[in-house]
Amino acid sequence: MTRVVVDPLTRIEGHLRIATEVNENGVITDAQSSGMLFRGMERMLVNRDPRDAARFTQRICGICPTAQSLAAVNALDDLYEVADQIPKDALVTRNLIQSLNTMASHATHIYVLWGPDLVNPAYKNILDTVEGTGSALWKELLSRFAPISYKLNGESVAPGTAYIDGIKQKKNLEEALALMGGKMPHQMSTVAGGVTYRPSLADIGKLTAYYHKLMDFVDGSTLGVDHETWLENTYRASSPQKAVNFLLEHLQSVVDRSLSSNNFSQNAGWGDLELISAFGSELIGEKTLGLPASFKLDRTGAYPEDSNVGFLTYGVFYDVENGDGYDPVGFGQTSFQPASFINSSFEKKGFDHKYITEETTHGFYTSDDALHPFDGVTDPVTSASEIDFEGGSDSRYSWIKAPRYNGIPCEVGPVSRMLAMNEPLTTGLMNLFSENGYSAVNSFTRMIAKAQELLILSEQFLKWVTVDLDPNGKYYVDPELKNAKDSRGIGLWEAPRGALGHWVKAGSDLKITNYQMVVPTTWNCSPRDANGVPGPLEQALMGTKISAAENLLGVDNANPTGILHTARSFDPCIACAVHTIDLTEKDRTPRTFTIV
């Protein structure tokens, strides 16, 4: 048995440590997911004005601060008893702000945080075994997905076009968000009672222009067909089977005209999504399309047959077609992306936030009780001697708490949202994998679900801008602050990475007495619970082969692509706002930190 540790795993977004045990056949048999940072935001908010939460909680992260702000204002709307009065146009504006944040985050993940793994040197070695096609495909992948400052065998490689264009789209979308939010990251518009931003007609024109700039990128790089054709035949397909048939027939036509000439360029119809769809999956690429090689991502990140992992979404985006106000407790029941709990047999159940608990048996905290977030406690250990990441699965090994829904660990994120929406392409692919002996959810389906959600949201964004948003509408109601006295509020929402909840309690002085946040990566990267049940990422790692393409060229523990692909397919975000790097090393003297 060999211990293989990746630390840090995340390229940005805080620090995630993955420790695994790998057997002599190169199969991961045990895994611990460790968050390396203490967040402490909940403790910082106690005794503060509740309205500070919408500003403070954004500082958790620089990638999805908007989602934190919106979860906070949802909780504050409930606390101040104005949720049923928020004007429709304020809700539309919040939808627009969140959709921009989600699309920018997805573009960042696909092209900057996950995409560079497609040019791992292990794949060059595998493609070198495929005469002609292998060399041409490797050059194409390198020209698109190579990150900045990349070197192979000591030789510098120019950054890939898709990688650079992905960064440009993040900039494009965040400029649009800054137009509405004042700045980005950490926009200023979303407040209890509505928004502080009122669009002009000129602003609506600018937002439409940002949309068209995004779609030029999608049609010119991401897809080999125009986005309307793609969405018409996948998202709006009459059945999951028809969505999959469209995908397979489209890919087959691209393969048929390219394989003999070894032309995998965009001019030959190979958008980034076609390349990932065909060569990322063993079932689709090798067994269905007849390709000579694939990266077998559909074999990584799968759940064992006897696993008990649910899929959870709180629902996201306000139902603006029904006018003013929303229901903070019944949130997501009629949303464009609805709330749902889906069990491991993919049976859809109703969602009730009362089933959510967090506990810390394997975390660096002193209170181990499984508590609903309204009663949650964030009480960290205070001695450095109690913080040890090497103790193994039976020890405390993470700063991440262990949330459960009715006692069940849950995967959150695009797969869960697409399941709740009955999205034809995602559910059709999951059916395809299940019927052919693969796990329905794996590293491949997580990435396809994310790309599909970005495309669906782009279309919805245009509707909100051009149909639902009224510059002459109402954007704010003044909350009665005294309503917070001895009261509480719940803020359910979806960050790009999944279910996000804020729970706030205020005392007789109208100040916060307890504030708890359960964030998406807490669900996905949860450590074990009191029953020893691993979190979703830990379960997805166990059974995955450690090396590229199912250990095709042997076991290489020094290049654990199985860990990289699986963990990064969850898009982990550990919590960050500012990183400080001391390049001078002047302050590299031992220091003692006390957690307060």
Side-chain angles (χ1 to χ4, degrees), residues 64 66-67 70 88-107 109-110 169-170 172-174 176-177 179-181 190 195 199 203-219 222-223 226-237 243 273 313-323 326 331-340 413-427 448-470 473 493-498 500:
C64 53
T66 293
L70 280 161
K88 182 270 289 182
D89 287 295
L91 299 178
V92 177
T93 304
R94 290 180 180 180
N95 280 353
L96 288 169
I97 287 174
Q98 181 59 64
S99 62
L100 287 165
N101 179 217
T102 300
M103 289 189 288
S105 179
H106 283 5
H109 182 238
I110 293 169
Q169 280 313 306
K170 176 178 171 63
N172 173 53
L173 293 165
E174 294 197 342
L177 206 163
L179 173 68
M180 309 182 81
T190 50
V195 295
D203 287 350
I204 290 176
K206 288 178 183 176
L207 290 169
T208 305
Y210 285 119
Y211 162 81
H212 286 298
K213 200 169 179 181
L214 170 67
M215 301 326 292
D216 287 345
F217 165 70
V218 168
D219 291 343
T222 304
L223 294 175
D226 66 85
H227 63 278
E228 285 110 346
T229 300
W230 180 275
L231 289 173
E232 190 62 31
N233 289 282
T234 58
Y235 176 46
R236 283 189 285 279
L273 195 54
T313 170
Y314 297 160
V316 65
F317 300 116
Y318 307 96
D319 184 8
V320 297
E321 293 178 351
N322 283 333
Y326 70 95
F331 187 78
Q333 302 307 313
T334 59
S335 295
F336 154 61
Q337 293 191 281
S340 187
V415 163
S416 300
R417 291 194 290 265
M418 295 296 103
L419 279 172
M421 293 175 73
N422 296 318
E423 198 283 315
L425 180 60
T426 307
T427 55
I448 297 298
K450 175 158 289 192
Q452 185 72 350
E453 182 172 56
L454 192 159
L455 295 167
I456 293 168
L457 275 183
S458 67
E459 185 178 73
Q460 192 67 23
F461 172 84
L462 187 63
K463 172 185 177 294
W464 284 324
V465 170
T466 59
V467 177
D468 296 317
L469 191 64
D470 178 5
W493 197 244
E494 287 276 319
R497 286 156 195 79
L500 170 66

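The chain is numbered in sequence order, starting from 1. Computed from a prediction, not measured in an experiment: that's the story for all the values here.
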### Query
Would you call the rings of Trp493 and Tyr318 parallel, tilted or perpendicular if under 30° counts as parallel and over 60° as perpendicular?
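It falls in the tilted class, 30° to 60°.
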### Task
Using the six-membered ring wherever Trp is involved, compare the ring planes of Phe331 and Tyr326 and label them parallel, tilted or perpendicular (cut-offs 30° and 60°).
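Phe331 vs Tyr326 ring planes: perpendicular.
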How long is the straight-line distance from [atom2] of [Y] back to [atom1] of [X], given to the nearest 0.5 Å?
| X | Y | atom1 | atom2 | answer |
| --- | --- | --- | --- | --- |
| Thr426 | Glu453 | OG1 | CD | 9.0 Å |
| Leu425 | Trp230 | CG | CH2 | 6.0 Å |
| Met103 | Lys170 | CE | NZ | 13.0 Å |
| Leu91 | Leu469 | CG | CG | 11.5 Å |
| Leu179 | Tyr210 | CG | OH | 6.0 Å |
| Thr66 | Glu174 | OG1 | CD | 8.0 Å |

Under 3.5 Å, is there a donor-acceptor pair between the side chain of [X] and the main chain of [Y]?
| X | Y | result |
| --- | --- | --- |
| Arg417 | Pro496 | yes |
| Ser105 | Asn101 | no |
| Ser335 | Phe317 | yes |
| Asp219 | His227 | yes |
| Lys88 | Asp468 | yes |

#### Entry: Modelled atom types, side-chain donor and acceptor of Glu494 and Thr313, under 3.5 Å
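Looking only at side-chain atoms, Thr313 and Glu494 do form a donor-acceptor pair, the distance falling under 3.5 Å.
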### Query
After noting the C-alpha distance and the side-chain angles of Leu455 and Leu223, does the key distance pass the side-chain contact (heavy atoms from CB on, under 4.5 Å) rule?
CA-CA 10 Å; Leu455 295 167; Leu223 294 175; 4.2 Å; yes
What closest approach, in Å, do [X] and [Y] show between heavy atoms, and which atom pair accounts for it?
| X | Y | value |
| --- | --- | --- |
| Asp470 | Asp89 | N-OD1, 2.9 Å |
| Leu462 | Thr466 | O-OG1, 2.7 Å |
| Ser340 | Ala420 | CB-CB, 3.8 Å |
| Thr234 | Pro424 | O-CB, 3.3 Å |
| Met418 | Thr427 | O-CG2, 4.4 Å |

Close side-chain approach of [X] and [Y], heavy atoms under 4.5 Å:
| X | Y | result |
| --- | --- | --- |
| Thr222 | Phe217 | yes |
| Phe336 | Leu457 | yes |
| Met180 | Pro199 | no |

### Message
Taking Arg236 first and then Glu423, would you say they form a salt bridge - that is, a charged N and a carboxylate O separated by under 4.0 Å?
### Response
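Between Glu423 and Arg236 there is no salt bridge, as every charged N stays at least 4.0 Å from the carboxylate O atoms.
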#### Entry: Cationic N near anionic O, under 4.0 Å, Lys463 to Glu459
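A salt bridge is absent here (no side-chain N lies under 4.0 Å from a carboxylate O).
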### Derivation and outcome, side-chain contact (heavy atoms from CB on, under 4.5 Å), residues Met215 and Ser458
CA-CA 8 Å; Met215 301 326 292; Ser458 67; 3.7 Å; yes
### Candidate pair Phe461 and Leu100, rule side-chain contact (heavy atoms from CB on, under 4.5 Å), full reasoning
CA-CA 8 Å; Phe461 172 84; Leu100 287 165; 3.6 Å; yes
### Full working for side-chain contact (heavy atoms from CB on, under 4.5 Å) between Ile456 and Gln337
CA-CA 11 Å; Ile456 293 168; Gln337 293 191 281; over 6 Å; no
